[in-house]
Amino acid sequence: MSKVHFVLQGKGGVGKSVTAAFLAQFLGERGGESPTNIDTDPVNATFHGYKALNVKRLQIMEADEINPRSFDTLIEMIAAAKGDVIVDNGASSFVPLSHFLISNQVPALLGEMGRELVIHTVVTGGQALLDTISGFNQLVSQFPSEALFVVWLNPFWGPIEHEGKGFEQMKAYTTNKGRVSAIIQIPSLKKETYGRDLSDMLQERLTFDQAIAQESLTIMTRQRLKIIKGQVYGQMENATVL
């Protein structure tokens with residue numbers, strides 16, 4: 001059964017597009033049909049900037065609301081896709097798109113189309129921790145049981161812990177553990193080496209393979225990117241929901 005992956009989180013700048021890009025690369029390299037990649041972020045179309053991933057941009061917002069005709073186009077694009085679909089969505093359209101998906105019973109509709117809905121949400125450390133935890137709670141409480149969940153832990157802004165508890169010890173997770181199909185930990189990287197290399201790659205909107213193939217980068221920079229790729233892909237391989 002092919003899957004439709006929505007990347008949803010109400011807090012901006014936490015790594016949604018990075019998640020979408022990693023997912024698109026992994027699914028594209030795993031074999032079979034390359035995923036259909038769609039960027040619906042009305043403000044920062046970062047995912048669309050990855051030219052190697054052939055990301056289609058779809059403007060689904062009109063003022064502060066979802067344009068129903070554009071939403072219809074999104075569903076038609078999903079229906080026409082041969083393999084998996086990845087939809088990256090912006091923070092500003094998080095609430096209206098989530099509401100539209102739920103009120104139009106899209107999870108059940110996708111099931112009728114022979115597809116599974118997988119929602120990927122990002123939880124990050126630092127000042128955005130509680131906001132991203134709240135976004136996770138909101139998604140799990142509102143979406144029906146047909147929706148599967150993958151949580152991406154992004155430590156870029158700081159450790160993901162609250163009152164001495166890591167994510168898997170927090171009430172938000174223990175209460176909703178049965179809804180979470182996988183947790184993927186983005187590696188905590190030294191900013192001077194691994195962190196800088198990954199950040200430069202992401203800023204240039206390059207895939208791992210593009211960056212690793214660049215002879216203008218040092219041998220050790222490319223080696224570090226290979227290691228990061230292996231760490232992330234290894235976790236994704238173990239996530240049966242993917």
(request) To the nearest 0.5 Å, tell me how far Ile75 CD1 sits from Ser70 OG. (result) 12.0 Å
(request) With the side chain counted from C-beta on, respond yes when Gln25 and Leu53 share a heavy-atom pair under 4.5 Å apart, and no when they do not. (result) yes
(message) Is there a side-chain contact between Ile186 and Asn154 in this structure, where contact means two heavy atoms from C-beta onward sitting under 4.5 Å apart?
(response) yes
(request) Taking the side chain as every heavy atom from C-beta outward, state whether Ile184 and Leu153 have any pair of such atoms under 4.5 Å apart. (result) no
(request) Quick one: list whatever passes side-chain contact (heavy atoms from CB on, under 4.5 Å) with Gln231, sequence neighbours left out. (result) Pro187, Ile227
(request) Only counting residues at least two apart or in another chain, list the ones meeting side chain to side chain donor-acceptor pair (under 3.5 Å) with Thr36. (result) none
(request) Taking all heavy atoms of Phe47 and all of Val55, pick out the closest pair and write down the distance. (result) O-CG2, 3.3 Å
(message) Can you tell me if Glu161 has over 12 outside heavy atoms packed within less than 6.0 Å of its CD?
(response) yes
(request) State, with a plain yes or no, whether a side-chain heavy atom of Phe71 is found less than 4.5 Å away from one of Ile60. (result) no
(request) May I ask you to decide if the ring planes of Trp152 and His120 are parallel, tilted or perpendicular, using 30° and 60° as cut-offs? (result) tilted
(message) Tell me if a side-chain donor or acceptor on Arg179 pairs with a main-chain N or O of Val140 at a distance below 3.5 Å.
(response) yes
(request) Using the test side-chain contact (heavy atoms from CB on, under 4.5 Å), find all partners of Gln210 that sit at least two apart in sequence or belong to another chain. (result) Ala52, Leu206, Thr207
(request) Give a yes or no answer on whether the side chain of Arg115 reaches the backbone of Leu109 with a donor-acceptor pair at less than 3.5 Å. (result) no
(message) Could you check whether any side-chain N or O of Arg30 sits under 3.5 Å from a backbone N or O of Leu242, counting only pairs where one atom can act as donor and the other as acceptor?
(response) yes
(request) Using side chain to side chain donor-acceptor pair (under 3.5 Å) as the criterion, list what pairs up with Asn104, not counting sequence neighbours. (result) none
(request) Please write out which residues are connected to Trp157 in a hydrophobic cluster, directly or through intermediates, given that two of Ile, Leu, Val, Met, Phe, Trp, Tyr count as joined at side-chain heavy-atom separations below 4.5 angstrom. (result) Phe156
(message) I'd like to know if the side chain of Thr175 reaches the main chain of Ala172, judged simply by a donor and an acceptor atom lying under 3.5 Å from each other, with no hydrogens or angles considered.
(response) no
(message) Give me each pair satisfying salt bridge (Lys or Arg N to Asp or Glu O under 4.0 Å) with a member in residues 131-155, each pair once, sequence neighbours excluded.
(response) Lys11-Asp131
(message) Is any side-chain heavy atom of Lys190 closer than 4.5 Å to one of Thr193?
(response) yes
(message) Before you tell me yes or no, could you show the steps for Thr174 and Glu168 under side-chain contact (heavy atoms from CB on, under 4.5 Å), namely the whole-Å CA-CA distance, both residues' side-chain angles and the distance that decides it to 0.1 Å?
(response) CA-CA 7 Å; Thr174 57; Glu168 291 178 69; over 6 Å; no
(request) Using salt bridge (charged side-chain N to carboxylate O under 4.0 Å, His left out) as the criterion, list what pairs up with Lys229, not counting sequence neighbours. (result) Glu29, Asp209
(message) Once rounded to the nearest 0.5 Å, what's the spacing between atom CG of Leu58 and atom CG of Leu74?
(response) 6.0 Å
(request) For the residue pair Met77 and Val85, establish whether any side-chain heavy-atom pair is separated by less than 4.5 Å. (result) no
(message) Looking at Leu130, is its backbone amide N or carbonyl O close enough to the side chain of Ser134 to form a donor-acceptor pair, meaning the two atoms are under 3.5 Å apart?
(response) no
(message) For Asp197, give me all partners under side chain to side chain donor-acceptor pair (under 3.5 Å), at least two apart in sequence or on another chain.
(response) Arg224
(request) Scan residues 87-100 for pairs that pass side-chain hydrogen bond (donor to acceptor under 3.5 Å, both in side chains), counting only residues two or more places apart or in two chains. (result) Ser17-Asp88, Thr40-Asn89, Asn89-Ser93
(request) Give a yes or no answer on whether the side chain of Gln9 reaches the backbone of Thr132 with a donor-acceptor pair at less than 3.5 Å. (result) yes
(message) Under the rule for side-chain contact (heavy atoms from CB on, under 4.5 Å), what residues qualify as partners of Val180, not counting sequence neighbours?
(response) Phe136, Val151, Tyr173, Ile183
(message) I'd like to check the side-chain contact (heavy atoms from CB on, under 4.5 Å) partners of Arg222; sequence neighbours left out, ordered by chain and number.
(response) Glu215, Leu217, Ile219
(message) Looking at every non-hydrogen atom in both residues, tell me the closest pair between Thr124 and Ala128 and how far apart they are.
(response) CG2-CB, 3.5 Å
(request) Decide yes or no for Tyr194 and Leu225: does some side-chain heavy atom of the first lie under 4.5 Å from some side-chain heavy atom of the second? (result) no
(message) My understanding is that only one of Leu101, Leu8, Val7, Val4 makes a side-chain contact (heavy atoms from CB on, under 4.5 Å) with Ile119; could you say which?
(response) Leu8
(request) Indicate the atoms forming the closest heavy-atom contact of Met1 with Gly114, along with that distance. (result) CG-O, 3.0 Å
(request) Might you confirm whether atom CD of Glu62 has over 12 heavy atoms from other residues, nucleotides or ligands at distances under 6.0 Å? (result) no
(request) Identify whether the distance between the nearest side-chain nitrogen and carboxylate oxygen of Glu116 and Lys3 falls below 4.0 Å. (result) yes
(message) Could you check whether any side-chain heavy atom of Leu148 comes within less than 4.5 Å of a side-chain heavy atom of Phe143, counting everything from C-beta outward?
(response) no
(request) Can you run down the side-chain hydrogen bond (donor to acceptor under 3.5 Å, both in side chains) pairs that involve residues 49-60, sequence neighbours left out, and say none if there aren't any? (result) none
(request) Determine yes or no for a side-chain-to-main-chain donor-acceptor pair under 3.5 angstrom, with Ser199 supplying the side chain and Gly195 the backbone. (result) no
(message) For Asp41, is there any backbone N or O sitting under 3.5 Å from a side-chain donor or acceptor partner on Asp39?
(response) yes
